[in-house]
Amino acid sequence: MFESFAANRTLKDTLAVMINSRRLSHAILLQGEPGTGKRTLARLIAQAVLCRSPKARPCGVCSSCHKAEKGIHPDIIEIGTEAVRPLSFHIESIRDLRQGAFIAPNESESKIYILQNVQNMTRQAQNALLKVLEEPPEYVIFILLCENRSTMLETILSRCVTFTLEPPDEQTCAQVLASKKPGLAAEQYQAAAIEAEGNIGRALSLLDSESEDGEHANRAWDAAQSLLSVICAGDEFTLLSAVSKYEKQKESFVQMLPYLKQMVKEASLKKFTSSRSGLSSLPAVKEAASKLSALQSIKILDIIDNAARRIRQNVNFNLILASFCAETANSGRK
């Protein structure tokens, strides 16, 4: 039912069963970081519910599906997208919703409200929404979208079925990027996917900003390959020399770390599987797969994570670099 939506297989299967059996909750909350596709999935759910096909839904063929895809279906109402107040979600919007909810659907059996950015709802707006969630018209379905459910009142959450969206792995993300933005080099898709940590929306934004961010991504990509080769050499002095250039380029080091982590991870996987990832063919990854033991790869991944965490904690950057070099050089010792 949701084949076009990447990853989140269990979530999609659960929703498909609920929709096909007509047991979809009247209130659903989709939770996930920006770029994970909450709005896309909400629209697919709405399209599937209103689809007129007796079999596979959404069929993409019926008039209801066509209207949903074009964003002109009269029984799909989106709220919370006002450009004037993108960080606000006031009670006036909910008052309008409550009035409209009790008007019968125009041409379908159901009427669906998609409420975006509900984490920005005022407490008054949430309490107003609660009144209609408690006793909704039988034909209305509410789909709430938020970054984190912790901002919502418990009384709201208790009346919603919550689903958490996770970004796909980097390889799947790269494949989706290639389908959405064809014509670029495979390395560009892979680089954007790694920098975005699989977050498709964020990765698309990186590709859209190609003139500047794309150049930064390519430099970070090349720097990670070079540093991985130095790590494979196993010499602490050479590693210190290679890393010293980042003493006054903290942001470059931060951008490079996710690429380095993914390459080390790929090298570790290459030892045990015949990976088809675009990373597996990189000379630096091949070298790492042949020179780094599985245990050493795990240690290096931990070192990278620790460095990233300490950077976020604003630990002295030169100390982080020194520790990174010493720990990495010693990673091969028992």
Side-chain angles (χ1 to χ4, degrees), residues 33-35 147-148 150-151 166-167 169-170 173 187 190-199 201-203 205-206 209 211-269 279 282-285 287-289 291-334:
E33 64 183 30
E147 295 176 13
N148 193 315
S150 64
T151 61
E166 301 289 348
D169 59 73
E170 285 86 355
C173 178
E187 291 78 8
Q190 195 76 47
I194 292 172
E195 184 162 347
E197 297 180 322
N199 185 306
R202 196 184 308 153
S205 296
L206 290 172
S209 306
S211 59
E212 181 176 351
D213 290 337
E215 183 181 347
H216 290 165
N218 288 334
R219 283 203 297 266
W221 176 271
D222 293 338
Q225 293 183 71
S226 298
L227 188 58
L228 182 56
S229 293
V230 173
I231 289 172
C232 289
D235 181 69
E236 184 175 355
F237 179 77
T238 306
L239 183 58
L240 278 167
S241 298
V243 171
S244 63
K245 69 178 183 180
Y246 291 110
E247 290 179 355
K248 296 183 179 180
Q249 299 178 36
K250 179 179 179 179
E251 188 59 34
S252 296
F253 185 77
V254 170
Q255 290 179 340
M256 179 272 301
L257 280 181
Y259 297 90
L260 179 63
K261 178 179 178 179
Q262 190 62 26
M263 289 177 189
V264 173
K265 187 187 298 183
E266 184 65 31
S268 179
L269 291 173
L279 290 177
L282 294 176
V285 172
E287 182 184 11
K291 292 187 177 180
L292 302 179
S293 67
L295 179 59
Q296 190 175 5
S297 295
I298 292 172
K299 288 182 179 179
I300 293 173
L301 289 172
D302 285 340
I303 292 166
I304 294 172
D305 285 340
N306 285 335
R309 176 178 52 78
R310 296 175 73 193
I311 289 171
R312 291 194 298 269
Q313 294 173 342
N314 287 322
V315 176
N316 182 280
F317 185 57
N318 286 338
L319 289 177
I320 293 173
L321 292 180
S323 177
F324 175 85
C325 291
E327 292 174 8
T328 302
N330 292 325
S331 63
R333 299 175 186 175
K334 295 183 179 179

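Worth saying up front: this structure is predicted, and the values here are computed from it rather than measured. Here, residue 1 is the first one in the sequence, and each next residue gets the next number.
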Nearest 0.5 Å, please: how far is CH2 in Trp221 from CE in Met263? 5.0 Å
Min side-chain heavy-atom separation Glu197-Arg202 under 4.5 Å: yes
Check whether any side-chain heavy atom of Leu239 sits under 4.5 Å from a side-chain heavy atom of Leu227, and report yes or no. yes
Residues two or more places apart in sequence or in another chain: which of them pass side-chain hydrogen bond (donor to acceptor under 3.5 Å, both in side chains) with Thr238? Asp235
Could you grab the distance from atom CG of Leu228 to atom CD of Glu266, nearest 0.5 Å is fine? 11.5 Å
Check whether any side-chain heavy atom of Phe324 lies under 4.5 Å from a side-chain heavy atom of Asn306, and answer yes or no. no
Between Pro258 and Ile194, which heavy-atom pair has the shortest distance, and what is it? O-CG2, 3.3 Å
I'd like to check Lys250 versus Ile311 (side-chain heavy atoms, cut-off strictly below 4.5 Å). Are they in contact? yes
Which heavy-atom pair separates Ala203 from Ala196 by the least distance, and what is that distance? N-CB, 3.5 Å
When every non-hydrogen atom of Glu147 is compared with those of Pro34, the smallest separation belongs to OE2-CG, 3.5 Å
Qualifying residues under side-chain hydrogen bond (donor to acceptor under 3.5 Å, both in side chains), relative to Ser323, sequence neighbours excluded: Arg310, Glu327
Spatial distance of atom CG (Asp302) from atom NZ (Lys261) [nearest 0.5 Å]: 9.0 Å
When rounded to the nearest 0.5 Å, the distance separating CD of Gln225 from CD of Glu287 is 11.0 Å
Close side-chain approach of Met256 to Phe253, heavy-atom, < 4.5 Å: yes
With heavy-atom distances below 4.5 Å as the criterion, would you say the side chains of Glu33 and Pro167 are in contact? yes
Ile231 side chain reached by Leu260 side chain, heavy atoms, under 4.5 Å: yes
Between OG of Ser331 and CD1 of Ile298, what distance do you get to the nearest 0.5 Å? 11.5 Å
OG on Ser293 to NZ on Lys299, rounded to 0.5 Å: 7.5 Å
